[in-house]
Amino acid sequence: MTTDHTAMAPSDRLVETLAEPSDDEVEVVDAWWRANNYLTIGQIYLLANPLLRESLTGENIKPRLLGHWGTSPGLSFVYAHASRLIRHTGQEIIYLAGPGHGGPALVAASYLEGTYTETYPEVTQDVDGMRRLFRQFSSPGGIPSHVSVPTPGSIHEGGELGYVLVHAFGAVMDNPDLIALAVVGDGEAETGPLEGSWKGVSFLNPARDGAVLPILHLNGAKIAGPTVLGRKDPAEVRSLLEGHGYDVIEVTGDDLPGMHHRFANGLAQSWASIRRIQASARGGDWDGTRPRWPLIVLRTPKGWTGPSVVDGVQVEGTWRSHQVPLSGIKANDEHLRILEGWLQSYRPGELFDDDGRPSDLVRRANPEGSLRMSGSSHANGGLLTQDLDLPDFREYALDVPRPAYLRAESTRRLGEMMRDIYRRNPDTFRLFCPDETNSNRLGAVFEVSDRAFAERVTEDDVALSRDGRVMEVLSEHNCHGWLEGYTLTGRHGWFATYEAFAMVSASQTIQHGKWLEEAEHLPWRAKVPS
């Protein structure tokens, strides 16, 4: 990437078009969303009879039901509208699902976009392919139930909650044309790493970096009870997020098509704000003040569009819809009929043709080529990787003519080498260090780069500016996660911390190692920098 990317402020007419979808556009977005919901439920429940050509029987149901329905309709709702934005604007967007347990929704998205079949040709876009798609989900020899390495378009595993924002911010550093759309689940929002990662806006440079659009999805419940932010007064939630520096846009409800119109408006406002911030910064009109980046708070019911009441107990809108809202189906005909009615409520005859292929109405919602979020080259970052221009390490050797002759520190020499790597690779390499660069004896990097900081700078600060590219924040989670997002999208980086503090983020290291290990088994995954 280069640093001379420009951004034009969007025209009022384009923003108005995005904010006020026509009836036809709403029909297209809604059809795609219904198709995704149908495929999501099919992955959780169905072993056969994927298009309900016959009445459901117990033999059509999987012997063991696994998966998470509650968050999935919200994930696919956001996805459908983001795709519409892309079709109108050509904006590059990478989609990161914080509630990674909503895996079937993201697998369904890539299937509807065609990238799943391109990646796995045996999962065809027809009845047989749909049956295979359903049977493989969360099954031995199949695919995981989470948004994981085999899912096209994914760099964020989401199995261990709390890292979606740090990955998103790392992905857009030195990536000026990219927006990372990061859906934050309200259960995930209770974790320490996520609570600490809102501050990423304090380190972005709109002249050089891309943008993160957080969408805090408050559906009010986690696996067995309410969420903290879901139960807080909305004014308190707004104050919390505004205090972090965000311009908060709220979209609430479950009415259709009203929610389509309101969310389209909120997404249009957010995108327009991002582009105006970038156009100002890249056009020379920026005074250096940290921008107030947009953030959407989306409130929808848990398990939206699913069974409302089961066995006389409220399910939709409660924690009971978090995983599998209907169980014991093989031995419970009433539940079987509820499932059949639930699937039929999406009107699959409008969504798939006689061969089981997504209908023209559904396919009209998809962007083209690499603009499809499941086909983004940023989510297969090895395709974009450029080899580092490295100096010869021998140039940093110390002359030691005899033992006990010279006192020196190896890490200082490493810092000098990193300094020169910064010089040679001005926008594809960064050091991530929790406020310890100098104490780790790597301070030579400050000869060529300041620390990055978008907040207020005083005359007492040293090597600190909005143009800096050394990433220091007192959080191992942020540094580790930023590095992961940076390298998974194809750039090179280095994480340095004290041995005693490294264990703070050890679980991230394990998760990342698992990701890289699994990626080795997928020939379509291009190798990313270590």
Side-chain angles (χ1 to χ4, degrees), residues 68 70-72 74-75 78 95-103 105-106 144-148 154-171 180-203 212-232 236-246 248 295-299 302 319 322-323 432 434 473-485 488 495 497 501-515:
H68 293 77
T71 191
S72 292
L75 290 174
V78 171
Y95 189 104
L96 294 95
H101 49 274
L106 274 294
S145 64
H146 284 65
V147 184
S148 54
S154 170
I155 66 166
H156 174 72
E157 203 280 323
E160 184 185 357
L161 297 178
Y163 305 145
V164 66
L165 280 181
V166 289
H167 289 158
F169 280 110
L181 191 159
V183 182
V184 180
D186 49 356
E188 175 183 28
E190 297 177 5
T191 66
L194 197 287
E195 281 279 18
S197 61
W198 294 110
K199 66 175 69 70
V201 286
S202 298
F203 298 87
V212 174
L213 176 57
I215 298 181
L216 175 59
H217 185 207
L218 297 180
N219 57 34
K222 45 187 183 279
I223 193 168
T227 60
V228 175
L229 293 184
R231 290 287 175 89
K232 275 188 178 293
E236 289 187 339
V237 177
R238 173 181 281 273
S239 294
L240 172 70
L241 299 170
E242 287 178 340
H244 282 298
Y246 293 94
V248 179
L295 177 153
I296 296 175
V297 176
L298 174 64
R299 293 182 175 89
K302 188 88 168 181
W319 56 268
H322 182 86
Q323 293 178 298
F432 302 83
V473 59
L474 195 52
S475 166
E476 281 76 15
H477 288 119
N478 274 278
C479 289
H480 198 306
W482 290 347
L483 172 71
E484 289 178 30
L488 286 169
F495 173 51
T497 186
F501 295 161
M503 291 305 293
V504 171
S505 58
S507 57
Q508 288 182 277
T509 308
I510 293 168
Q511 289 287 110
H512 189 53
K514 289 179 179 178
W515 173 279

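Position 1 is the first residue of the sequence; numbering continues from there.
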Q.
The test is side chain to side chain donor-acceptor pair (under 3.5 Å); show your working for S505 and Y163 and say whether it passes.
A. CA-CA 11 Å; S505 58; Y163 305 145; over 6 Å; no
Q.
side chain to side chain contact (heavy atoms under 4.5 Å, CB included) for F169 and N478? Distances and angles first, verdict last.
A. CA-CA 9 Å; F169 280 110; N478 274 278; over 6 Å; no
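Atom-to-atom distance recorded for L483:CG and H167:NE2 is 9.0 Å, nearest 0.5 angstrom. Of the inter-residue distances, the one linking E195 atom CD with L240 atom CG reads 6.5 Å to the nearest 0.5 angstrom. Rounding to the nearest 0.5 angstrom, the gap separating the CG atom in L295 from the NE2 atom in H244 is 10.0 Å. Note: K232 NZ to T227 OG1 = 11.0 Å, rounded to the nearest 0.5 Å.
The environment of K514 atom NZ is sparse: at most 12 non-hydrogen atoms of other residues, nucleotides or ligands sit within 6.0 angstrom.
F432 has its side chain out of reach of T497: every pair of non-hydrogen atoms, C-beta onward, lies at least 4.5 Å apart. Contact of the I223 side chain with the Q323 side chain is registered, since non-hydrogen atoms from C-beta on lie closer than 4.5 Å. Residues V184 and L165 form a side-chain contact, since some pair of their non-hydrogen atoms from C-beta on lies under 4.5 Å apart. Side chains of V164 and V183 form no contact here, defined as non-hydrogen atoms less than 4.5 Å apart. A 4.5 Å side-chain heavy-atom check between L488 and W515 finds at least one atom pair inside the cut-off.
Between H322 and H101, the two ring planes are tilted [angle within 30° to 60°].
L75 and A105 get closest at one heavy-atom pair: CB-CB, 4.4 Å. Looking at every heavy atom in both residues, W198 comes nearest to Y246 through O-OH, 2.7 Å. The two residues E476 and Q508 make their nearest non-hydrogen contact at O-OE1, 4.1 Å. In this structure, L106 and A97 approach most closely via the heavy-atom pair CD2-CB, 4.2 Å. Across all their heavy atoms, A189 and L229 have their closest contact at CB-CD1, 3.8 Å. Nearest heavy-atom pair across E190 and V228 is OE2-N, 2.8 Å.
Proximity of a side-chain donor or acceptor of E188 to a complementary backbone N or O of G162 within less than 3.5 Å is detected. Looking only at distances, a side-chain donor or acceptor of K302 sits under 3.5 Å from a matching main-chain atom of A221. In this structure a side-chain-to-backbone donor-acceptor pair under 3.5 Å is present from H477 to V504. For the pair N219 (side chain) and T71 (backbone), a donor-acceptor distance under 3.5 Å is absent.
For the residue pair H480 and T509, a side-chain donor N or O sits within less than 3.5 Å of a side-chain acceptor on the partner.
Each of L216, V237, D186 was compared with R299 under the side-chain contact (heavy atoms from CB on, under 4.5 Å) criterion, and only V237 meets it.
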